[in-house]
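Some notes on the structure that comes next.
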Amino acid sequence: IYSKDAKTVEDIEKAGEVIVPNDSTNGGRAILVLVQNGLVTLKKDGILAPTPNDIDTSKSKVKVTAVDASQTAVAYNDGKIASINNNFLESAGVDANDAVIKDDPSKPEAQPYINVFVTTADQVDNADYRKLVEIWHSPEVQKAVADDTAGTAIEVKKSPEELKKI
């Protein structure tokens, strides 16, 4: 969640509105970031991709407005608080490190958004797939990912058993 003026969760609350992408994946993730930070309350728990309609507005501290993902950067440049997808940050002139709040991959709300390598049961011991995972977690690849995403991608290491529970 980015803002030109807000520097804290409290500042976001005072501003009263956050612009989020209107697609189910990115918008849902943005809303869950707001949930993690106590700014939004959902009508019920366990919603994987909440929309503004799932928000209990009477218990929430900010209004959520959904727009096309490409317009979140425009809203930010107009002085609004916005959840901006990685692919729009650079074109909007936003430094990824300036996020006021971001999701925490250790929180249950963020875990469904962890990128994973998946295969069928009969390929679970495939040596090539295991090597791919090993390469992905190598320091060289993680540095390249960090450079490519301006540090917004966070490596998560979980066992297959842990991932199955998510």
Side-chain angles (χ1 to χ4, degrees), residues 1-118 142 145-146 148-166:
I1 308 289
Y2 297 88
S3 173
K4 290 185 175 193
D5 300 316
K7 303 298 179 211
T8 65
V9 172
E10 293 76 21
D11 292 342
I12 294 172
E13 182 179 348
K14 287 177 192 169
E17 181 182 23
V18 177
I19 308 300
V20 302
N22 65 0
D23 62 280
S24 61
T25 300
N26 295 303
R29 186 174 189 179
I31 290 169
L32 291 174
V33 169
L34 297 173
V35 169
Q36 288 176 38
N37 286 275
L39 293 167
V40 166
T41 301
L42 298 178
K43 293 175 184 173
K44 62 181 183 176
D45 293 332
I47 302 172
L48 180 61
T51 69
N53 290 333
D54 296 312
I55 296 171
D56 185 334
T57 56
S58 68
K59 294 180 181 176
S60 296
K61 299 176 181 175
V62 296
K63 175 185 173 189
V64 173
T65 303
V67 300
D68 184 81
S70 66
Q71 295 304 302
T72 59
V74 173
Y76 167 84
N77 282 319
D78 287 343
K80 297 185 179 183
I81 298 168
S83 174
I84 307 171
N85 296 3
N86 289 353
N87 50 326
F88 296 113
L89 288 175
E90 186 176 338
S91 63
V94 180
D95 184 337
N97 296 311
D98 290 341
V100 180
I101 54 177
K102 51 189 167 183
D103 58 358
D104 177 349
S106 69
K107 300 277 185 174
E109 297 91 351
Q111 291 182 348
Y113 298 96
I114 295 171
N115 292 320
V116 297
F117 292 99
V118 180
Q142 287 305 305
V145 170
D148 186 54
T149 65
T152 60
I154 300 169
E155 180 182 18
V156 176
K157 291 186 178 181
K158 293 197 174 286
S159 70
E161 293 72 29
E162 290 172 301
L163 291 170
K164 286 177 185 177
K165 292 177 184 177
I166 295 175

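Only a predicted model underlies this, so the values are computations on that prediction, with no experimental measurement involved.
In summary, of the residues considered (Val9, Ile101, Leu42), a side-chain contact (heavy atoms from CB on, under 4.5 Å) with Leu34 occurs for Ile101 alone.
For Glu155, the side chain to side chain donor-acceptor pair (under 3.5 Å) partners are His137, not counting sequence neighbours. Qualifying side chain to side chain donor-acceptor pair (under 3.5 Å) partners for Asp68, counting only residues two or more places apart in sequence or in other chains: Ser70. Thr57 is linked by a side chain to side chain donor-acceptor pair (under 3.5 Å) to nothing, counting only residues two or more places apart in sequence or in another chain. Under the side chain to side chain donor-acceptor pair (under 3.5 Å) criterion, Asp104 pairs with Ser106, not counting sequence neighbours. Listed by chain and number, the residues in a side chain to side chain contact (heavy atoms under 4.5 Å, CB included) with Val118 are Val116 (sequence neighbours excluded). Taking Pro160 as the reference, nothing meets the side chain to side chain contact (heavy atoms under 4.5 Å, CB included) condition, with sequence neighbours excluded. Considering only residues two or more places apart in sequence or on other chains, Ser159 meets the side chain to side chain contact (heavy atoms under 4.5 Å, CB included) condition with Glu161, Glu162.
The two residues Val100 and Ala6 come nearest to each other via the heavy atoms CG2-O, 3.2 Å. A pairwise comparison of heavy atoms in Pro21 and Ala30 identifies CD-CB, 4.2 Å as the closest pair. Pro108 approaches Pro112 most closely through the heavy-atom pair O-CD, 3.3 Å.
A distance of 10.0 Å separates OG1 in Thr72 from CG in Asn77, rounded to the nearest 0.5 Å. The NZ atom of Lys158 sits 15.0 Å away from the NZ atom of Lys164 when rounded to the nearest 0.5 Å. With values rounded to the nearest 0.5 angstrom, Ile47 atom CD1 is found 9.0 Å from Ile31 atom CD1. Here the CD atom belonging to Glu109 is positioned 5.0 Å from the CD atom belonging to Gln36, to the nearest 0.5 angstrom. Atom NZ of residue Lys157 and atom CG of residue Leu163 lie 13.0 Å apart, to the nearest 0.5 angstrom.
Residue pairs meeting the side-chain hydrogen bond (donor to acceptor under 3.5 Å, both in side chains) criterion with at least one partner in residues 13-23, sequence neighbours excluded, are Glu17-Thr65, Asp23-Asn26. Every pair passing salt bridge (charged side-chain N to carboxylate O under 4.0 Å, His left out) that includes a residue from residues 27-39 is listed here, sequence neighbours excluded: Arg29-Asp103. For residues 39-54, the set of pairs meeting the side-chain hydrogen bond (donor to acceptor under 3.5 Å, both in side chains) definition, not counting sequence neighbours, comprises Thr51-Asp54.
A donor-acceptor contact shorter than 3.5 Å is absent between the side chain of Ser60 and the backbone of Val62. Remark: side-chain polar atoms of Asp148 are not paired, donor with acceptor, to backbone N or O of Val145 under 3.5 angstrom.
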Return all side-chain donor-acceptor pairs below 3.5 angstrom for residues 79-87, not counting sequence neighbours, or 'none' if the list is empty.
unit_1, atom_1, unit_2, atom_2, d
Asn86, OD1, Thr152, OG1, 3.2
Asn86, ND2, Thr152, OG1, 2.8

Listing, residues 88-96 side-chain donor-acceptor contacts under 3.5 Å, not counting sequence neighbours, or none:
unit_1, atom_1, unit_2, atom_2, d
Ser91, OG, Phe88, O, 3.2
Asp95, OD1, Asn97, N, 2.8
Asp95, OD1, Asn97, ND2, 3.3

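With a 4.5 Å cut-off on side-chain heavy atoms, Val40 and Val64 count as touching. Under the 4.5 Å side-chain criterion, counting only non-hydrogen atoms from C-beta, Tyr113 is in contact with Thr25.
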Discussion item. Run Ile12 and Ile1 through side chain to side chain contact (heavy atoms under 4.5 Å, CB included) and show every step you take.
Written reply: CA-CA 9 Å; Ile12 294 172; Ile1 308 289; 4.1 Å; yes
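Counting only N and O atoms by type, the side chains of Ser3 and Asp5 include no donor and acceptor under 3.5 Å apart.
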